[in-house]
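For ligands, and for the atoms within them, numbers begin at 1 and follow the listed sequence.
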Amino acid sequence: MKKITDYIEELVKPAFEKAGYDPDYGKVNLSNRPDLCQYQCNGAMSAAKAYHKAPFMIADEVVELLKYNITFEKIESVKPGFINITLAPTFIADCVKKMRDEDDYGFEKTDNPRTIVIDYGGPNVAKPLHVGHLRAAIIGESIKRIARYAGHKVIGDVHLGDWGLQIGLIITELGKRKPDLCYFDESFEGEYPKDAPFTMSELEEIYPYASSHSKEDPEYLATAQTATAELQAGRRGYMALWKHIIDVSVADIRKNYDRLNVEFDLWKKESDAQKYIPDMVENMKMDGFAYESDGALVVDVKLPEDKKEIPPCIILKSNGATNYETTDLATIIERVKLFDAKEMIYVVDKRQELHFEQVFRCARKTGLVDDDTKLVFVGFGTMNGKDGKPFKTRDGGVLRLETLINEISDAVYDKIMENRDMEETEARHISEIVGVSALKYGDLSNQATKDYVFDVDRFISFEGNTGPYILYSIVRIKSVLARFASEGGNIDECDNILPPANDSEQNVMLTLLKYNDVIEQAFNDNAPHRICQYIYELSEAFNSFYHGNKIIAEENIDRKRSWIALLVIVKGVLEQCIDLLGFEAPERM
Ligand code: ARG
């Protein structure tokens with residue numbers, strides 16, 4: 001379905017043309033003065049310059065041609081030359097009906113589907129998931145759902161960090177604590193045990209210990225580096241340990257992501273890309289892109305127009321080791337090879353922007369991707385505490401994701417139980433759903449690049465621009481519909497949409513009609529926050545309509561049914577939107 005502004009432009013543009021002006025001046029926007037009109041066209045202002053005429057004269061001529069059109073309740077020219085447009089209530093109602101009757105509420109899927117790989121989450125095995133990985137998971141999941149809704153073939157990849165020094169550190173520390181394990185015996189030729197020689201909580205203790213120890217003890221660090229290199233060279237016992245580390249961690253990571261409604265199509269790891277590296281390096285050398293500089297192998301990626309310094313992309317370090325860049329480049333090769341990816345979107349901390357700039361440039365320059373493959377970096381800001389510094393626990397440590405979700409869900413539970421009694425299991429179930437939505441909405445409602453303050457009290461509030469407020473609106477609609485049904489009404493028979501009876505109803509309708517435009521923008525800009533803005537606006541419009549009208553008590557049966565039909569659409573749109581954001585509404589709350 002066309003956007004409302006397109007429908008209006010289809011009338012305004014020809015009017016410009018008929019009056020003797022370029023039709024392109026007939027562009028129509030949402031009004032920025034909703035108190036005066038709903039839509040506006042400012043084309044006469046720019047046309048005035050081109051045609052050396054007073055803008056209001058042009059606006060007058062155009063309006064003259066349109067003023068009897070039944071689409072408009074009112075169209076007028078306003079000095080110095082704006083055209084203000086108010087749609088006829090019947091036209092609005094017809095559009096809402098059309099929207100309801102079309103697939104996806106009139107949002108048009110692409111007719112040119114691309115394969116898009118979305119790289120998000122990016123947790124590192126052996127280290128517990130922490131709030132730093134929260135944003136990647138939440139934002140990436142939503143971007144994935146939006147792209148899929150837009151009709152593309154989308155593959156979400158968790159891209160686990162499993163190939164770095166953290167593994168060498170754990171192996172080293174484990175070797176000190178349990179030197180007798182067969183994994184450390186180089187002459188061992190038997191089969192390694194199926195069960196890991198550690199639990200997740202042990203791993204969680206070992207890693208931070210080894211990491212901080214390595215910072216004080218250069219010898220320890222050197223041992224860990226050697227262990228990492230030996231692992232990467234394929235030492236049997238270390239490979240077996242590494243597999244245990246992955247299995248134990250992944251089980252824990254999955255549990256957390258499940259709770260957050262985050263699902264990946266692929267559980268690929270940095271190590272999976274390693275096999276593409278030797279050929280890649282060889283080709284880069286052969287094609288003359290890679291050259292030696294201070295012992296390292298690098299590819300220049302700076303461009304004459306650069307305003308800031310872009311250092312060369314390091315392909316091999318001076319000791320011959322690969323690094324983060326090498327792995328990301330090889331992963332691009334893999335994604336093209338295995339999935340024929342035409343777009344790759346990386347949802348990663350914005351502090352990694354330079355890394356991706358280098359990798360993208362290098363991939364293009366060395367021909368790893370063709371010209372029409374899109375490489376997109378969606379960088380996100382930091383989640384801060386109320387003190388404006390990166391979020392930490394009360395004792396100053398990094399908070400575990402699990403603890404964080406528990407805290408939010410408990411806070412919601414207390415709130416629900418404050419004013420009433422609810423059966424324990426149901427209350428816990430609802431608290432979890434509402435808590436997760438509070439957390440996700442609190443994050444997604446901010447533009448991704450911006451830092452934001454993590455504030456449980458604000459996030460879980462049932463009022464204001466919060467997840468629970470949106471859910472509350474949906475639940476409220478559900479309960480109105482349930483009452484209507486319980487009094488003998490048949491919701492399925494409520495089909496007709498009457499022209500709006502009052503301003504608040506009209507506002508609900510006009511807000512609904514923005515849907516396809518909003519989703520398109522959210523997709524084009526990889527911007528879930530636009531959907532948040534929209535559902536907040538729609539919830540507010542609905543709530544003021546709800547407070548201003550007695551829906552169930554309405555005596556005019558046609559009017560009542562039309563309202564019920566409208567609520568069904570609002571509910572459907574809100575539910576679709578929160579699904580795109582990655583959460584759901586409970587039956588009651
Ligand atoms: N594991 C990385 C980190 O914790 C994030 C990975 C992001 N994705 C990528 N393809 N580099 O910083």
_Check: L297 and V281 side chains under 4.5 Å, non-hydrogen atoms_ =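 With C-beta onward as the side chain, the pair touches.
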_Quick one, S445 and Y536 - any side-chain contact, counting heavy atoms below 4.5 Å?_
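Side chain of S445 against side chain of Y536, heavy atoms only: no contact under 4.5 Å found.
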*Any idea which residues sit under 4.0 Å from ligand 1, heavy-atom distances?*
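Its neighbours under 4.0 Å (heavy atoms only) are D119, G122, N124, H133, H159, Y324, D328, Y346, V348, Q352, F356, given by chain and number.
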_With Q358 via side chain to side chain contact (heavy atoms under 4.5 Å, CB included) - residues at least two apart_ =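 For Q358, the residues satisfying side chain to side chain contact (heavy atoms under 4.5 Å, CB included) (neighbours in sequence not counted) are V301, I310, P311, C313, L354.
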_Could you work out, with ring-ring contact (aromatic ring centres under 6.0 Å, His included) as the rule, every residue matching Y220, not counting sequence neighbours?_
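Residues passing ring-ring contact (aromatic ring centres under 6.0 Å, His included) with Y220: H213.
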*Can you sort out the partners of F289 under ring-ring contact (aromatic ring centres under 6.0 Å, His included), two or more places apart, ordered by chain and number?*
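Scan of F289 (ring-ring contact (aromatic ring centres under 6.0 Å, His included), adjacent residues dropped) gives none.
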_Electrostatic pair K268:E334 at N-O distance under 4.0 angstrom_ =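 E334 and K268: salt-bridged.
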